[in-house]
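All values derive from a computational prediction rather than experimental measurement. Positions are given from 1 along the sequence.
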Amino acid sequence: MRGKQAIKRKINPDPKYNSIKIAKFINYIMKGGKKSIAQKIIFETFDIIKTKTKQNPVDIFEQAIKNVSPVVELRSRRIGGTNYQIPYKTNEARQFTLASKWIISSVKKTKGKTMPVKLAAELMQAANNEGETITKKDNIYKMAKANKAFAHFAR
């Protein structure tokens, strides 16, 4: 790596649920610095989850993130003129980041409904171990399993 390691900034918890994970998720949704719009989307999503499931939406959010979080990830590495997909264990911060981004990207891909409705549906599916993001996690795990032979290239 070149240069210095980036300094980790302290993030303030979100105002309604007082959770740092939810605040980070809001930051991932945010576009163009419009945090209030991203907060509205999340809080509307949580209201939808609460009415549909009659459970605490924060618990469902945490369960969905836990279910989608990848244990291993593949990184490309060039060795001797060939590119290998090498499986690496994923640390906790990276797991949360990948899970959040996968959920958001799958929600953005689907057409038709508003963002809070789509996000609520995806979070509820992920909490039940189904949906597009769980499929993505399983595919990456299968690819990592197939490329296990190249794990000795990892440093």
Side-chain angles (χ1 to χ4, degrees), residues 6 8-77 84-151 154:
K8 294 278 184 206
R9 293 190 182 105
K10 184 180 170 287
I11 190 167
N12 296 328
D14 75 293
K16 193 171 181 182
Y17 295 99
N18 205 26
S19 167
I20 291 176
K21 283 189 175 185
I22 294 172
K24 274 188 176 262
F25 197 76
I26 287 170
N27 289 344
Y28 291 137
I29 287 179
M30 182 172 48
K31 275 189 185 172
K34 300 192 176 192
K35 194 167 200 162
S36 59
I37 292 173
Q39 284 177 335
K40 272 187 208 168
I41 289 170
I42 290 292
F43 298 151
E44 247 180 84
T45 300
F46 282 8
D47 290 341
I48 292 168
I49 290 173
K50 193 171 197 166
T51 55
K52 283 189 178 179
T53 62
K54 308 281 190 260
Q55 293 177 9
N56 186 3
V58 178
D59 294 340
I60 289 183
F61 171 77
E62 302 251 338
Q63 185 64 38
I65 291 289
K66 187 175 147 225
N67 289 348
V68 175
S69 297
V71 179
V72 290
E73 67 176 317
L74 291 171
R75 294 183 193 164
S76 244
R77 185 149 176 229
Y84 293 104
Q85 294 285 325
I86 302 172
Y88 283 89
K89 282 192 177 167
T90 315
N91 67 11
E92 211 169 303
R94 179 91 174 130
Q95 285 180 2
F96 179 78
T97 303
L98 286 173
S100 301
K101 290 189 177 186
W102 290 349
I103 289 171
I104 292 167
S105 68
S106 74
V107 166
K108 284 182 179 176
K109 268 192 259 177
T110 51
K111 303 279 184 221
K113 299 171 189 151
T114 61
M115 181 73 168
V117 173
K118 294 187 291 186
L119 187 57
E122 187 63 40
L123 285 174
M124 287 187 289
Q125 284 179 341
N128 293 329
N129 267 330
E130 37 192 57
E132 192 178 327
T133 49
I134 296 292
T135 309
K136 181 171 178 111
K137 174 194 168 189
D138 292 341
N139 288 340
I140 287 184
Y141 184 75
K142 285 176 190 170
M143 284 172 44
K145 200 111 169 142
N147 290 322
K148 200 164 95 174
F150 306 125

>> Please give me the minimum heavy-atom distance between K118 and V107, naming the atom from each residue.
In response: NZ-O, 3.5 Å

> Going through the checks in order, is the side chain to side chain contact (heavy atoms under 4.5 Å, CB included) test met by Y28 and I103?
Replying inline: CA-CA 10 Å; Y28 291 137; I103 289 171; over 6 Å; no

> Roughly how far apart are K24 NZ and I65 CD1, rounded to 0.5 Å?
Replying inline: 11.5 Å

>> Give me the atom names and distance for the closest heavy-atom approach of A144 to V72.
In response: CB-CG2, 3.5 Å

> Given N129, which of V68, I134, D138 fulfils the side chain to side chain contact (heavy atoms under 4.5 Å, CB included) condition?
Replying inline: I134

> When rounded to the nearest 0.5 angstrom, what distance separates OG1 in T53 from CG in L123?
Replying inline: 10.5 Å

>> Does F43 form a side chain to side chain contact (heavy atoms under 4.5 Å, CB included) with D14? I'd like the steps, not just the answer.
In response: CA-CA 10 Å; F43 298 151; D14 75 293; 3.6 Å; yes

> About how many Å separate NZ of K54 and CD1 of I49, when rounded to the nearest 0.5 Å?
Replying inline: 13.0 Å

> Do you know which two heavy atoms are closest between P87 and K148, and how far apart they sit?
Replying inline: CG-CA, 4.2 Å

> Parallel, tilted or perpendicular: which describes the rings of Y84 and F150, with under 30° parallel and over 60° perpendicular?
Replying inline: tilted

>> If you apply the rule side chain to side chain contact (heavy atoms under 4.5 Å, CB included), what do you find for I42 with Y17, and how did you get there?
In response: CA-CA 11 Å; I42 290 292; Y17 295 99; 5.7 Å; no

> Mind checking whether N27 and K35 have side chains closer than 4.5 Å, heavy atoms only?
Replying inline: yes

>> Quick one: does any side-chain atom of K137 pair with a main-chain N or O of N67 as donor and acceptor, under 3.5 Å?
In response: yes

>> Counting C-beta onward and ignoring hydrogens, is there a side-chain heavy-atom pair between P57 and F61 closer than 4.5 Å?
In response: no

> Looking only at heavy atoms, what is the nearest atom pair of T133 and W102, with distance?
Replying inline: CG2-O, 3.4 Å

>> Once rounded to the nearest 0.5 Å, what's the spacing between atom NZ of K40 and atom CE of M115?
In response: 15.0 Å

> When rounded to the nearest 0.5 angstrom, what distance separates CD in E73 from CG in N91?
Replying inline: 8.0 Å

> Looking only at heavy atoms, what is the nearest atom pair of Q95 and V71, with distance?
Replying inline: NE2-CA, 4.0 Å

>> Within the 4.5 Å heavy-atom criterion, are K136 and S105 side-chain neighbours or not?
In response: no

> Quick one: are T110 and S106 in side-chain contact, heavy atoms under 4.5 Å?
Replying inline: no

>> To the nearest 0.5 Å, what is the distance between CD on E62 and CD1 on I60?
In response: 11.5 Å

> What are the two closest non-hydrogen atoms of D47 and K16, and how far apart are they?
Replying inline: OD1-NZ, 3.9 Å

> Does the side chain to side chain contact (heavy atoms under 4.5 Å, CB included) test come out yes or no for L98 and I140, once each step is laid out?
Replying inline: CA-CA 12 Å; L98 286 173; I140 287 184; over 6 Å; no

